[in-house]
Protein chains: 2
Amino acid sequence: MKENSSVWPAGVRKTKQRLCVFSVLENAKRPLSAQEIFSRAQAEDASVWLSTVYRILDHLVGEGLAVKTAVMDSSTALYELSGGHRHYAVCVNCHRVIELTNCPMEKFVPEIAENDFRVLGHRVEMYGYCRDCDKKLSGMH
Amino acid sequence: MKENSSVWPAGVRKTKQRLCVFSVLENAKRPLSAQEIFSRAQAEDASVWLSTVYRILDHLVGEGLAVKTAVMDSSTALYELSGGHRHYAVCVNCHRVIELTNCPMEKFVPEIAENDFRVLGHRVEMYGYCRDCDKKLSGMH
DNA sequence: CTCGGTGCAAACTCTTTGCATTGAC
DNA sequence: GTCAATGCAAAGAGTTTGCACCGAG
């Protein structure tokens with residue numbers, strides 16, 4: 001387990017539940033659902049409750065430390081620490097999430113007037129079939 | 001109401017419910033939730049049921065006629081007809097969805113080997129504050 | 001007539017909320 | 001001791017499923 005580095009907002013208490021959820025997110029290699037975070041947190045420390053995980057996540061999002069997302073073709077919310085500039089490819093068959101290593105947005109200026117929208121960030125998502133599903137499905141007919 | 005153009009998959013019956021949902025999607029200017037589609041469909045034809053809307057949407061997605069998405073910061077699934085090449089800016093405060101008129105992906109080749117992932121499409125999403133929310137929030141402190 | 005689609009109810013999953021209690025500071 | 005955070009239960013959204021009936025082809 002990595003050391004909890006970084007920011008700790010003023011007035012926020014260092015409970016083991018929050019430390020635990022934060023550590024799970026720090027070590028995650030892809031965005032996780034609340035359920036997944038809950039499971040991993042339980043593996044580290046039995047005394048976490050799912051509703052507490054949701055509350056901590058809301059808190060983290062409110063503080064700007066985490067980001068709430070959702071990928072194509074699924075209606076479950078996913079969470080990851082913010083700051084990381086990550087983009088994914090999502091398999092619409094098995095819902096596997098694959099990290100992209102380059103970003104098309106570096107030079108992109110959206111056609112919205114500056115004062116019509118204050119851009120905080122962006123998301124890019126490719127969707128299609130991962131190799132395994134592509135094989136499986138094209139072998140089917 | 002626009003004419004239902006385009007494809008009708010073989011073996012699919014032209015029920016008024018399906019025609020109605022399809023027409024709602026054709027006339028939508030942004031992705032809609034199942035609830036929104038349900039409301040609009042009811043306005044056109046009283047006899048549609050929410051579960052039927054879900055079933056028709058699943059059907060359309062399965063046939064590749066529609067796409068199921070979800071935007072940042074919300075866990076409700078949204079649907080739109082596929083083929084349209086649309087990208088959005090999403091206000092993380094009021095959840096307003098604003099259409100972008102240009103696309104950064106036109107020349108983008110993601111760093112995934114061709115045979116590791118078969119790309120069907122992509123999504124781009126800016127997030128931040130729309131003008132109204134930005135005003136409101138910056139006036140607050 | 002047949003079989004896919006629909007009405008309707010009930011179940012299920014994901015997420016939020018209320019309240020008494022706990023524990024960080 | 002104080003107040004934020006948690007445990008736990010129960011409610012609330014959003015979504016899916018089962019089954020009998022209906023109606024497009």
Side-chain angles (χ1 to χ4, degrees), chain A residues 4 7-25 31-42 44-63 65-80 92 95, chain B residues 4 7-25 31-42 44-63 65-80 92 95:
Chain A
N4 282 323
V7 223
W8 210 265
V12 177
R13 294 181 178 170
K14 294 193 184 180
T15 63
K16 63 179 177 182
Q17 289 85 349
R18 177 165 166 140
L19 286 165
C20 186
V21 166
F22 196 87
S23 140
V24 167
L25 286 174
L32 301 176
S33 70
Q35 291 275 0
E36 288 173 315
I37 295 166
F38 173 58
S39 307
R40 297 186 186 196
Q42 279 198 313
E44 293 189 7
D45 173 347
S47 75
V48 193
W49 218 250
L50 182 56
S51 59
T52 302
V53 170
Y54 275 109
R55 268 191 282 232
I56 292 172
L57 289 171
D58 275 2
H59 225 137
L60 291 172
V61 171
E63 290 153 4
L65 293 177
V67 171
K68 182 179 183 180
T69 332
V71 296
M72 293 259 340
D73 220 56
S74 153
S75 56
T76 312
L78 302 178
Y79 298 83
E80 64 184 328
V92 297
H95 295 162
Chain B
N4 282 324
V7 222
W8 210 264
V12 177
R13 293 185 179 166
K14 296 192 181 180
T15 63
K16 62 181 178 181
Q17 290 85 349
R18 176 162 167 142
L19 287 164
C20 186
V21 167
F22 196 87
S23 140
V24 167
L25 286 173
L32 301 175
S33 69
Q35 292 275 359
E36 289 172 316
I37 295 166
F38 172 57
S39 307
R40 295 186 185 196
Q42 279 197 314
E44 294 189 7
D45 175 346
S47 75
V48 193
W49 219 251
L50 181 56
S51 58
T52 302
V53 170
Y54 276 110
R55 270 190 282 230
I56 292 171
L57 289 171
D58 276 2
H59 225 136
L60 291 172
V61 170
E63 290 152 4
L65 293 176
V67 171
K68 181 179 184 180
T69 332
V71 295
M72 293 262 337
D73 221 56
S74 152
S75 55
T76 312
L78 301 179
Y79 298 84
E80 64 184 326
V92 298
H95 295 162

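Here is the naming used below: chain letters follow the sequence lines, and residue numbers restart at 1 for every chain.
- Applying the side-chain hydrogen bond (donor to acceptor under 3.5 Å, both in side chains) rule to Glu36(B) yields the partners Arg30(B), Ser33(B); only residues at least two apart in sequence or on another chain are considered.
- Protein chain B contacts DNA chain D over a range whose 5' and 3' limits, counting nucleotides with an atom under 4.0 angstrom from a non-hydrogen atom, are dG14(D) to dG25(D).
- Every side-chain hydrogen bond (donor to acceptor under 3.5 Å, both in side chains) that Lys16(B) has, sequence neighbours left out, goes to Ser47(B).
- Distance CG/Leu65(A) to CG/Leu57(A): 11.5 Å, rounded to 0.5 Å.
- For residues 48-59 of chain B, proximity to DNA chain D is found at Leu50(B), Ser51(B), Tyr54(B), Arg55(B), defined as any non-hydrogen atom under 4.0 angstrom from a strand atom.
- Here the side chains of Glu63(B) and Val12(B) are in contact, with some heavy-atom distance below 4.5 Å.
- The structure places CG of Leu25(A) at 9.5 Å from CZ of Arg40(A), a figure rounded to the nearest 0.5 Å.
- Two end axes, each from the C1' atoms of five base pairs, can be drawn for the helix from dC1(C)-dG25(D) to dC25(C)-dG1(D); they diverge by 40°, to 10 degrees.
- One distance of note links CD of Gln17(B) with CZ of Phe22(B); it measures 15.5 Å at 0.5 Å rounding.
- Across every non-hydrogen atom of Lys14(B) and Leu19(B), the tightest pair is O-CD1, 3.9 Å.
- If you walk DNA chain C from 5' to 3' and mark each nucleotide with an atom closer than 4.0 Å to a heavy atom of chain A, the marks span dC14(C) to dC25(C).
- Taking CD1 from Ile56(A) and CD1 from Ile37(A), the interatomic distance works out to 10.0 Å, rounded to the nearest 0.5 Å.
- Smallest separation of non-hydrogen atoms from Ala34(B) and Val53(B): O-CG1, 3.9 Å.
- Across all their heavy atoms, Leu50(A) and Phe38(A) have their closest contact at N-CE1, 3.4 Å.
- Of all heavy-atom pairs spanning Cys20(B) and Ala41(B), the tightest one is SG-O, 3.5 Å.
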